[in-house]
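In what follows, chains carry the letters A, B, and so on, assigned in the order in which the sequence lines appear, proteins first and then strands, with residues in each chain numbered from 1.
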2 protein chains.
Amino acid sequence: MTNPSQRSTSLKGIPIPDEKPVVPSSRRKGHGRVTLRDVAIHAGVTTMTVSRYLRSSAKIAPETALKVAAALQTTGYTPNMQAGSLASGRSRIVAVIVPNMSHSIFADTLHGLGQSLQAAGLQMLVASSDYSLQQEEQQIRAVLGWAPAALVLTGRHHRAGVDALLQQARASGTPVMEMWDWNAQAAPDAMQVGFDHRRAGELMAQTLVQRGYQDFVFIDSSVREDFRAHERGMGFQNTLFALGQRSELIVAPEGDAVQAGQVVFSEWFAKQAAPIHCGIAFANDMLAVGAWKAAQMQCVACPDQLGLLGFGDFPLARHWGGGLSTLRIDGERIGRECAQLIQAHLRDELSAEVRQVNVMPELVYRAT
Amino acid sequence: MTNPSQRSTSLKGIPIPDEKPVVPSSRRKGHGRVTLRDVAIHAGVTTMTVSRYLRSSAKIAPETALKVAAALQTTGYTPNMQAGSLASGRSRIVAVIVPNMSHSIFADTLHGLGQSLQAAGLQMLVASSDYSLQQEEQQIRAVLGWAPAALVLTGRHHRAGVDALLQQARASGTPVMEMWDWNAQAAPDAMQVGFDHRRAGELMAQTLVQRGYQDFVFIDSSVREDFRAHERGMGFQNTLFALGQRSELIVAPEGDAVQAGQVVFSEWFAKQAAPIHCGIAFANDMLAVGAWKAAQMQCVACPDQLGLLGFGDFPLARHWGGGLSTLRIDGERIGRECAQLIQAHLRDELSAEVRQVNVMPELVYRAT
DNA sequence: ATGAAAGCGCTAACAT
DNA sequence: ATGTTAGCGCTTTCAT
């Protein structure tokens, strides 16, 4: 567009005498992409001017801006983020580690996080720990190499060595957030967006007690390192024991959760004496749905003889005929709140009070 | 551990005469993190040796390796990926763009992709287009800045300007894959992992015809840029027209899909004459479940008067009492296959024949 | 308002 | 098997 010259050194019309070979025959060639330098040459300015223009650091003459804009257009420049991040020491990447990306609660969380981060011009590097603290540590190490603008973890339980890693990350300016969990005892500078799973278990117990059941069972997840589910189970048990009630904790078999729920319920039911009047809470809605299926097959009257209480309010539970009672947590909101905290941190507006967001579970009372 | 010296220049025991200030008082300080140089100084070697050790480029003396390992340990080094990528022109990041991260099919896909990529030491940068080609373009531009090892898109429909972008990406060595779609007319070097949505619509139509229904309806998604759903609808309609059958295409109202299914079915049903015998196919399972709910409320006998056929085999549809007939696509497999293609490409083992993977939908015949 | 120089932390290429 | 040198493409810092 605007008289593209071939070499920036000849811009003033004074060709440089070729004392040394014009092309230094660099031993290393670029990777073929258009660079800032290419744009600068086209625009007849230096790379700094283009760089300033791109980051709108003001102080660009309108005339120059036009030339740069044209050069940007004709060259089709794409900024090299690695170079930019390396030079500035900042990156627009937020690293997120979840136990699983296909479970609807985490999918919702990623959705909320992603949408909010994108709106703020941040990108999301996602890894899954597969509910293994060992894999979590590995993934933390891997993502930390990108010097992310923030690190978002799921839960507050990590492997021994990880604490030092996180401390190091915080020290070098990378905020670390723990989501889907919440602990009153946490350090005041800790960043948490979630809820107390023991209290959630307590709430489940109280709900079933209020509905007048006599016996209680908690069906726990078979996933060894799903600590949050186990904590809900403990909260459930402790609450009932404190009330002088009997409560049993059964770990579901491994494999497909709905099927596991069916199996574990059938086995449990076979051992019961005739008239039952029992409240059963589950580590998640999948298990609960399975149990409900089994109960229907055994012709157990649901709200009367049996009170089922799921966890998560998965779409399956929500739309299931009649509806399963459950504890609803807004996973998308957890994601959004994390993104808010991160943005506040990047703007340096993070007051101590808002570093912890308590996302309360909501009891959804339905047919069961 | 091994006699850490303070400056690499004094390693040979010969202190450099301070002609110029010892510390050049660099105008730029590092970002506080441990660098390769720190490790090298601790180990008493150069950065290259440490770099080689880390990438196990063989040719390291066992003795040296021990020193380096110790230095790595004591310093707690984390590699700076931006620097590494910039220098090598390679990155271990794969960029993925999906329409939505919370829909179970895409959540499954991300899960499959993530697991396979992680196993290969690749990381995943995820963005969502929110079913908007405009946002898709924006996200493509954003992720391309990281010079990803591969770019994975959803669908083969993109905005006008995007083709040039993708061509440019391919030219600079970034393979571009399109998933969840498949087109026989695609260029032979195109990389696709998915299926032909018109044929899927055809399959849906044939299924309902075989079951003996007389009238046919396709309930399409209200999402304007869900091109794949629309293509299924077109395949459905065209097949029926070719068979000389009547078929109606109705676009569901916006909002929650289950509710939309209920509404659209109720409205349609109100207009029908008494004895109906109709096959209805849906753009997705959510709509189908909503319709089924409405049908139950209206007491329409399901397999007899009404044949409902969903799409996706979402958990909701799978476990729904009795079960909804649907077309099942293995989203996780799509993700895994993409990861396989990417790895093959990185190993330079990509033969022309395997660049396109056709993931066939499977008809799941259930109660409806 | 723009430019020149230096260097972010690492690796490719060329010694030795 | 290890070291030296010269960048990768950008931004910081300082000068004009």
Side-chain angles (χ1 to χ4, degrees), chain A residues 8-9 11-12 23-41 43-68 75 77-92 145-147 172, chain B residues 8-9 11-12 23-41 43-68 75 77-92 145-147 172:
Chain A
S8 61
T9 40
L11 276 178
K12 289 162 189 163
V23 177
S25 169
S26 145
R27 339 200 242 180
R28 203 127 155 219
K29 68 280 172 201
H31 308 292
R33 304 217 287 148
V34 178
T35 71
L36 252 200
R37 193 164 170 281
D38 299 324
V39 180
I41 293 175
V45 294
T46 56
T47 58
M48 271 317 300
T49 306
V50 182
S51 175
R52 288 195 184 103
Y53 173 88
L54 287 171
R55 289 172 300 141
S56 62
S57 299
K59 307 210 169 185
I60 297 284
E63 199 185 335
T64 315
L66 281 174
K67 288 194 296 184
V68 173
T75 54
Y77 173 69
T78 304
N80 181 326
M81 304 306 269
Q82 351 255 11
S85 298
L86 179 59
S88 69
R90 277 184 290 274
S91 101
R92 304 290 291 167
W146 291 100
S172 58
Chain B
S8 63
T9 40
L11 276 177
K12 289 162 189 164
V23 177
S25 168
S26 146
R27 341 199 242 184
R28 205 132 155 215
K29 68 280 168 201
H31 307 293
R33 304 216 289 147
V34 178
T35 71
L36 253 200
R37 193 163 170 279
D38 298 324
V39 180
I41 294 176
V45 295
T46 57
T47 58
M48 271 316 298
T49 306
V50 182
S51 175
R52 286 194 185 104
Y53 173 87
L54 286 171
R55 289 172 302 141
S56 63
S57 299
K59 309 208 170 187
I60 297 285
E63 198 183 337
T64 315
L66 282 175
K67 288 193 295 182
V68 173
T75 54
Y77 174 70
T78 305
N80 181 326
M81 305 306 269
Q82 351 256 10
S85 299
L86 180 59
S88 69
R90 277 185 290 274
S91 101
R92 304 291 290 168
W146 291 101
S172 58

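- Per the geometry, CE belonging to A:Met48 stands 12 Å off P belonging to C:dA4, to the nearest Å.
- Contacts of B:Gly89 with the nucleic acid, taken as non-hydrogen atoms under 4.0 Å apart, are absent.
- Regarding contacts with the backbone of C:dT11, every side-chain N or O of B:Tyr53 stays at 4.0 angstrom or more from both OP1 and OP2.
- Residue A:Arg55 places its side chain closer to D:dT12 than to any other of D:dC10, D:dT12, C:dC10.
- The shortest distance between the side-chain N/O atoms of B:Ser51 and the OP1/OP2 oxygens of C:dT11 is below 4.0 Å.
- Proximity of A:Arg90 to the phosphate of D:dT12: a side-chain N or O atom is located under 4.0 Å from OP1 or OP2.
- The nearest whole Å value for the distance from the CH2 atom in A:Trp146 to the C1' atom in C:dC10 is 12 Å.
- Atom CE in A:Met81 sits 13.0 Å away from atom OG in B:Ser85 (nearest 0.5 Å).
- Among the candidates A:Val45, A:Thr47, A:Ile60, the single residue satisfying the side chain to side chain contact (heavy atoms under 4.5 Å, CB included) test with A:Arg52 is A:Ile60.
- Of the side-chain N and O atoms in A:Arg37, none sit less than 4.0 angstrom from OP1 or OP2 of D:dT11.
- Here the P atom of nucleotide C:dG9 and the CD atom of A:Gln82 are 16 Å apart, to the nearest Å.
- Of all heavy-atom pairs spanning B:Trp146 and B:Gln82, the tightest one is CZ3-OE1, 3.4 Å.
- In this structure, CG of B:Leu86 is placed 17 Å from P of C:dG7, rounded to the nearest angstrom.
- When heavy atoms are screened at a 4.0 angstrom cut-off, A:Thr64 is found touching the sugar-phosphate backbone but no base atom.
- Dashed line: the shortest gap from a side-chain N or O of A:Thr49 to OP1 or OP2 of C:dG3 is under 4.0 Å.
- Taking the side chain of A:Ala61 as heavy atoms from C-beta on, and the options D:dT11, C:dA1, C:dA12, the nearest nucleotide is C:dA1.
- Taking only side-chain nitrogens and oxygens, B:Arg52 never comes nearer than 4.0 Å to OP1 or OP2 of C:dA13.
- Between B:Ala65 and A:Arg33, the residue anchored nearer the 5' end of DNA chain D, judged by the nucleotide with its closest heavy atom, is B:Ala65.
- Closest approach of B:Tyr77 and B:Thr35 over heavy atoms only: CE1-C, 3.5 Å.
- In this structure, NZ of A:Lys59 is placed 14 Å from C1' of C:dG3, rounded to the nearest angstrom.
- When rounded to the nearest whole Å, the span between CE of A:Met81 and P of C:dC8 equals 21 Å.
- Rounded to an integer number of Å, the gap from A:Asp38 CG to D:dC10 C1' is 13 Å.
- Between B:Ser88 and C:dT11, a side-chain N or O to OP1/OP2 separation shorter than 4.0 Å is absent.
- What you find for A:Arg33 and B:Ala147 is that their closest heavy atoms are NH2-CB, 3.7 Å.
- Nucleotide D:dT11 holds its C1' atom 15 Å from the CG atom of B:Asn80, rounded to whole Å.
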